Amino acid sequence: MLVTTTPSVEGKKIVKYIGLVTGETIIGANIFKDMFAGIRDIVGGRSSSYERVLREGKDIAVNEMQQFAAAMGANAIVGVDLDYETVGTGGSMLMVTASGTAVILED
């Protein structure tokens, strides 16, 4: 299924707008990731453990959104937006939300 942040697909006509689809996930960060990220903040550099969590959250949310769109008969999702928020006590959890418009593109 084609998933794009643009409102249209170049060279393809949207023949039907089906509706809004979303996917959400909430992932907790564990104490070891927090500890190593804190050390990384002190010495500098990237936190690959947090980057993996962000990527995993995005993949889960987008996959869920695609499943909903497919169940509605769509073959593409346009206008996709990804949002990241921290939730829980002290922001200990990451919430990722993907939303877009399920459509049918011409063949």
Side-chain angles (χ1 to χ4, degrees):
M1 176 174 295
L2 179 66
V3 177
T4 180
T5 59
T6 60
S8 61
V9 178
E10 188 173 341
K12 294 283 188 176
K13 180 180 177 185
I14 295 174
V15 295
K16 183 176 182 182
Y17 289 87
I18 297 175
L20 176 69
V21 285
T22 63
E24 302 85 14
T25 188
I26 297 177
I27 297 177
N30 70 36
I31 189 165
F32 297 111
K33 289 180 186 174
D34 289 342
M35 182 178 66
F36 289 124
I39 293 169
R40 183 79 60 175
D41 286 343
I42 293 169
V43 298
R46 295 170 60 169
S47 174
S48 61
S49 58
Y50 275 120
E51 288 173 354
R52 276 193 298 277
V53 170
L54 284 170
R55 206 170 4 263
E56 179 184 356
K58 183 229 5 141
D59 291 345
I60 292 169
V62 169
N63 188 323
E64 184 177 287
M65 180 180 63
Q66 287 176 299
Q67 290 176 15
F68 285 127
M72 297 168 75
N75 64 0
I77 305 170
V78 297
V80 172
D81 180 52
L82 296 171
D83 290 313
Y84 298 86
E85 298 287 333
T86 55
V87 295
T89 306
S92 62
M93 304 193 68
L94 174 69
M95 178 176 69
V96 182
T97 305
S99 61
T101 303
V103 299
I104 296 177
L105 296 176
E106 68 182 355
D107 290 328

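Given the structure is predicted, the values throughout are model-derived calculations rather than measurements.
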Side chain to side chain donor-acceptor pair (under 3.5 Å) contacts touching residues 60-69 (sequence neighbours left out)
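Qualifying pairs, neighbours excluded: Asn63-Gln67.
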
Which pair of non-hydrogen atoms, one from [X] and one from [Y], has the smallest distance, and what is that distance?
{"X": "Met1", "Y": "Asn75", "answer": "CG-O, 3.6 Å"}
{"X": "Val96", "Y": "Tyr84", "answer": "CG2-CD2, 3.6 Å"}
{"X": "Asp107", "Y": "Lys12", "answer": "C-NZ, 3.8 Å"}
{"X": "Met72", "Y": "Val21", "answer": "SD-CG1, 3.4 Å"}
{"X": "Ala74", "Y": "Ala102", "answer": "CB-CB, 3.7 Å"}

Do Val62 and Ile77 come close enough that some side-chain heavy atom pair is under 4.5 Å?
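Contact flag for Val62/Ile77 side chains = no.
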
How long is the straight-line distance from [atom2] of [Y] back to [atom1] of [X], given to the nearest 0.5 Å?
{"X": "Glu56", "Y": "Leu94", "atom1": "CD", "atom2": "CG", "result": "10.0 Å"}
{"X": "Ile26", "Y": "Glu85", "atom1": "CD1", "atom2": "CD", "result": "11.0 Å"}
{"X": "Met95", "Y": "Thr25", "atom1": "CE", "atom2": "OG1", "result": "10.5 Å"}
{"X": "Asp83", "Y": "Glu24", "atom1": "CG", "atom2": "CD", "result": "10.5 Å"}
{"X": "Glu10", "Y": "Thr4", "atom1": "CD", "atom2": "OG1", "result": "11.0 Å"}

In terms of heavy-atom contacts, does CD of Glu106 have more than 12 from other residues, nucleotides or ligands at under 6.0 Å?
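Counting other residues, nucleotides and ligands, CD of Glu106 exceeds 12 neighbours.
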
Do Ile18 and Leu20 share a hydrophobic cluster, counting only Ile, Leu, Val, Met, Phe, Trp and Tyr and linking them when any side-chain heavy atoms are less than 4.5 Å apart?
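Unlinked, Ile18 and Leu20 end up in two clusters.
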
side-chain hydrogen bond (donor to acceptor under 3.5 Å, both in side chains) involving Ser8 - partner list, sequence neighbours excluded:
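Checked Ser8 against side-chain hydrogen bond (donor to acceptor under 3.5 Å, both in side chains); zero matches.
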
Hydrophobic cluster mates of Tyr17, side-chain heavy atoms under 4.5 angstrom, ILVMFWY only, any path?
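Members other than Tyr17 - counting any ILVMFWY side chain reachable under 4.5 Å - are Leu2, Val9, Ile14, Val78, Val103, Leu105.
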
